[in-house]
2 protein chains.
Amino acid sequence: MSDDQLDLVFGALADRTRRAILARLAREDANVGDLTALFTMSQPAISKHLKVLEQAGLISRNRQGTMRLSHLEAEPLKDATGWLADYREYWTESYARLDELLESLD
Amino acid sequence: MSDDQLDLVFGALADRTRRAILARLAREDANVGDLTALFTMSQPAISKHLKVLEQAGLISRNRQGTMRLSHLEAEPLKDATGWLADYREYWTESYARLDELLESLD
DNA sequence: GTTATCTATAACCAGCAAGTTACATAAAGG
DNA sequence: CCTTTATGTAACTTGCTGGTTATAGATAAC
């Protein structure tokens, strides 16, 4: 994954509103109105966040009537995880398998 | 991990210079001069990046004579990976084990 | 074609981020 | 002490981020 792409992905994840949007989209696709209702900010603000997420490749969007549904595209999250994984040997539990960590999060 | 902490960690990772600093520190601790030599920017700029990394918990620093050694603290990277892992079921290879991905990166 | 609904865009503002140069501070050595 | 080396801090500039309001554009319904 290129530095440019990592800039976009980590930059997108650096905002808690955008992380919350991703969490919402993980459950189900949503339109702009749905997402706006979740936060205390204006619809244009949400549209901007969606644009950032789209440019990072984290969501795709398609029209459904007058609405535009946002859909989670988690592939870049995998790539970001891959980047982070290079450091797993420096974690405290150096030799614990990562999926054990993952289990512990459930 | 708190939203505040995730803001700091992902924010720190959103800059390629800081990612490169982490990559360097993964090999060996380094002082500010060492790190400055790796980039085309001034020493104060590097000191600022180190401050950001320190506030995110990604490095620790201790004096060694007139120098200050930066040391990688990868625990927050584990936490960030944990956050990302919640989305692993949405990745294309939905049911591939994450450690298989990790192997493929070596 | 008018209207209503949903979303995008434009213009603006405040604050922060990332860099600079100049200078201050800390520790070690003669 | 005075100097040298290494690093931090202050002040400043530039540009981006995240929000706002107002308005424009696209689609569906009538």
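Side chains included, hydrogens not; waters and symmetry mates left out as well; all remaining heavy atoms used. Note on naming: letters A, B, ... go to the chains in the order of the sequence lines (proteins, then strands), and numbering restarts at 1 for each one. Computed from a prediction, not measured in an experiment: that's the story for all the values here.
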So does [Y] get a backbone contact from the side chain of [X], meaning a donor-acceptor N/O pair under 3.5 Å?
X       : Y       : value
A:Tyr87 : B:Ala23 : yes
B:Arg19 : A:Asp3  : yes
A:Arg27 : A:Arg24 : no
A:Tyr90 : B:Ala26 : yes

How close or far is atom [atom2] of [N] from atom [atom1] of [X], stated in whole angstroms?
X       : N      : atom1 : atom2 : result
B:Leu53 : C:dA18 : CG    : P     : 10 Å
B:Arg16 : D:dC16 : CZ    : C1'   : 15 Å
B:Asn31 : D:dG8  : CG    : C1'   : 14 Å
A:Asn62 : C:dC6  : CG    : P     : 17 Å
A:Ile59 : C:dT7  : CD1   : P     : 12 Å
B:Asp29 : D:dT7  : CG    : P     : 13 Å
B:Leu50 : D:dT7  : CG    : P     : 10 Å
B:Ile46 : D:dT7  : CD1   : P     : 12 Å

Under-4.0 Å side-chain N/O to phosphate OP1/OP2 contact, [X] with [N]:
X       : N      : result
A:His49 : D:dG19 : yes
B:Ser47 : D:dG8  : yes
B:Arg68 : C:dA26 : no
A:Arg63 : D:dT27 : yes
B:Arg18 : C:dA18 : yes

| said: So, under a plain 3.5 Å distance rule, would you say the side chain of B:Lys51 forms a donor-acceptor pair with the base of D:dG8? | reply: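 Between D:dG8 and B:Lys51, which were checked side chain against base, a qualifying N/O pair under 3.5 Å is absent.
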| query | Can you find a donor-acceptor pair, distance only, under 3.5 Å between A:Gln43 side chain and C:dA8 base? | reply |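 Looking at the base of C:dA8, it does pair with a donor or acceptor on the side chain of A:Gln43 (distance under 3.5 Å).
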| request: Starting from the 5' end of DNA chain D, give me the residue, B:Arg61 or B:Lys48, whose nearest nucleotide shows up first. | output: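 It is B:Arg61, whose closest nucleotide lies nearer the 5' terminus.
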| field | Considering all heavy atoms, the nearest B:Ser70-B:Ile59 contact | value |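 Scanning both residues, the minimum pair turns out to be OG-CD1, 4.0 Å.
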| task | Kindly state each residue pair satisfying side-chain hydrogen bond (donor to acceptor under 3.5 Å, both in side chains) with at least one member in residues 39-52 of chain B, sequence neighbours excluded. | result |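 As it turns out, the side-chain hydrogen bond (donor to acceptor under 3.5 Å, both in side chains) pairs with a partner in residues 39-52 of chain B, which skip direct neighbours, are B:Arg18-B:His49, B:Gln43-B:Ser47.
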| said: Any non-hydrogen side-chain atom of A:Arg61 less than 4.5 Å from a side-chain atom of A:Glu54? | reply: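 Of all side-chain heavy-atom pairs linking A:Glu54 with A:Arg61, at least one is under 4.5 Å.
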Between the protein and nucleotides 28-30 of chain D, are there any N/O to N/O pairs under 3.5 Å, and if so, what are the atom names and distances?
none

| message | With rounding to the nearest 0.5 angstrom, report the CZ to CG distance, A:Arg16 to B:Asp7. | response |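 Reported value, rounded in 0.5 Å steps: 4.0 Å.
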| What nucleotide, of C:dT7, D:dG19, D:dA6, holds the atom closest to the side chain of B:Met67? | D:dA6
| request: Looking only at side-chain atoms of B:Met41, point me to the closest of D:dT21, D:dT7, C:dG19. | output: C:dG19
| message | If you assign each of B:Ser42 and A:Val32 to its closest nucleotide in DNA chain C, which residue comes earlier from the 5' end? | response | A:Val32
